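The next block holds one structure in the form of C-alpha cells; read it before the comments.
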Amino acid sequence: MPKMAFMVYPSAKAFTLPPPVESRFRELVIRNAASNMAENVPIRPGSSSKLKEFPHLSASHRALMTDLVGAIESRLEDHLLPCTLPPDVEYFQNQNGTSQGALLIRTGSPDSSINFILGSWLNSQLPTGTSLNIASLSAYLRPSTDAPNFLIEFIQSSPTSLILILDLPPRKDLVFNPDYLQLFYEDTGLDKYRKAIEELPEVRPYVMSSLFFRSLVSPTSIIVRVDTESGGPERMEEIIANHVGPVARDVIRVWLDECACKERGVGEMERGNIEKRDELVEKKTIDIDLGSSLPRLFGQEIADRVVATIQQIFEA
C-alpha cells in the first residue's frame, strides 16, 4: 500500500479524557457515516488550517483527530512555537490532483522537553478506483527526558476497512530497564486499552511488513485491522466513535500526564544514548518510508520538497 507516514512507525508498504459517546451523538454520527464533507473546526494560533480540516474523513473519525490535535495543543500551548511551514509544504498535491496532503509541524520552545509535534493527512485516488485515506499524529520528546513518544495513525482503504496504530513508543531498552517498563506501561494500565480494542469481533491483529519498525513498538501497542464489511460503514463509524475514540483520548491523556508534562532526570551519558537512538529511528523513518512512498504519489519534486522540510526538523 502506498502511504505517507509522518511518524515513528510506518506500517506495511503494501496494502498487498471524555466518557463514551452519548446515544444521541452516536445516532448523529451514524447517519453521517458516509459523509466526506469538511466541517468547520476551531483553529488555534500556529495551527495548520488545512491539517485541522481532515476533509476526507467521516464525521466521528474527523472529530477524533481534531480532538487529539486540540488536546496536545491545549495542554502544551505554552511550550510550542507556531507552525512556520511554507504553504507548499503545509498543503500539497500532485499535478493531476489525484493525491493531496496536509502537514502540521510545531516545534517545542528552547526550554521545553517537547521536540516537535507532527500531524498529517493524505488522500489518494488509486488506479483501482478506491480511495486511500491516511491520518496521523505523533509527538516527539527531546533527549532531556527519556519518556516515550506518542503515535496514532489510521490507514483506511475503504469505508469498511481500517488499520489502526496507537502506541507510546519506548525510547529505552525495556529488558535492561524494567523500572521504565513498570512506570510507563504497567502502572499506567495501557494494556487494558489494547485488550479492549482486540476483543471487538471486527478486529484482528495486523503485522507490519518492516522488521525494523516492528522492533520499535511497545508491549502495549495497538496495531490492528478493523473490517466491518458485514456491518457496513455505519458499524465502522460506531467502532470509531464508541471504542477507538475513547481509547485514543485516554492514551493521549496518559502521554500528556506521565510523559510530556513530567520532568525526568537524565544523565549526560544516558542523554547521549537517547539522542543517538532518536536520530537513528528518525533517519530510518525518512529513508524507508517517506523516501519511497511520497515520490510514487506526488512525483519526485514535491516529495523532495516535503521530505527536505521534515528532515530539517528531525536534524534541528
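Residue numbers count from 1 along this sequence. All values reported here derive from a predicted model rather than from experimental measurement.
Listed by first and then second residue, the salt bridge (Lys or Arg N to Asp or Glu O under 4.0 Å) pairs that reach into residues 131-143 come to none, sequence neighbours excluded. Within the structure, the salt bridge (Lys or Arg N to Asp or Glu O under 4.0 Å) test picks out no pair touching residues 179-188 (sequence neighbours left out). Residue pairs meeting the ring-ring contact (aromatic ring centres under 6.0 Å, His included) criterion with at least one member in residues 154-177, sequence neighbours excluded, are His61-Phe154.
Residues forming a side-chain hydrogen bond (donor to acceptor under 3.5 Å, both in side chains) with Gln300 (at least two apart in sequence, or on another chain): Asp304. Scored by the salt bridge (charged side-chain N to carboxylate O under 4.0 Å, His left out) test, Asp146 finds Lys172, Arg264 as partners (sequence neighbours excluded). When the salt bridge (charged side-chain N to carboxylate O under 4.0 Å, His left out) test is applied to Arg305, the partners found at least two apart in sequence or on another chain are Asp88. Judged as a side-chain contact (heavy atoms from CB on, under 4.5 Å), and not counting sequence neighbours, the contacts of Thr309 are Leu85, Val89. Shown here are the side-chain hydrogen bond (donor to acceptor under 3.5 Å, both in side chains) partners of Thr130, two or more places apart in sequence or in another chain: Thr128. Not a single salt bridge (charged side-chain N to carboxylate O under 4.0 Å, His left out) links Lys192 to another residue, sequence neighbours left out. For Arg204, the salt bridge (charged side-chain N to carboxylate O under 4.0 Å, His left out) criterion is met by Asp227, not counting sequence neighbours. Partners of Asp111 by side-chain hydrogen bond (donor to acceptor under 3.5 Å, both in side chains), not counting sequence neighbours, listed by chain and number: Ser109. For the ring-ring contact (aromatic ring centres under 6.0 Å, His included) test, residues two or more places apart in sequence or in another chain that qualify with Phe116 are Tyr140, Phe314.
Between the side chains of Asn149 and Ser138, no donor-acceptor pair of N or O atoms lies under 3.5 Å. With no hydrogens or angles considered, a side-chain donor-acceptor pair links Ser60 and Glu237 at under 3.5 Å. Between the side chains of Gln100 and His56, at least one donor N or O lies within less than 3.5 Å of an accepting N or O. Donor-acceptor pairing under 3.5 Å is recorded for the side chains of Asp250 and Tyr193.
Linking ILVMFWY residues whenever their side-chain heavy atoms come closer than 4.5 Å, directly or via other members, leaves Val266 and Phe184 in distinct clusters.
Atom CG of Leu104 sits about 5.0 Å away from atom SG of Cys83, to the nearest 0.5 Å.
Judged purely by atom type and a 3.5 angstrom limit, Ser112 uses its side chain to pair as donor or acceptor with the backbone of Ile114.
Cation-pi geometry between Lys284 and Phe213 is not met at under 6.0 angstrom from the ring centre and within 45 degrees of the axis.
What you find for Leu57 and Ala135 is that their closest heavy atoms are CD1-CB, 4.0 Å. Heavy-atom minimum distance, Pro295 versus Ala303: N-CB, 3.6 Å. Closest heavy-atom contact between Ala147 and Tyr180: C-OH, 3.5 Å. The two residues Pro170 and Val217 have their closest heavy-atom pair at CD-C, 4.2 Å.
Ile155 has its side chain within reach of Leu132: a pair of non-hydrogen atoms, C-beta onward, lies under 4.5 Å apart.
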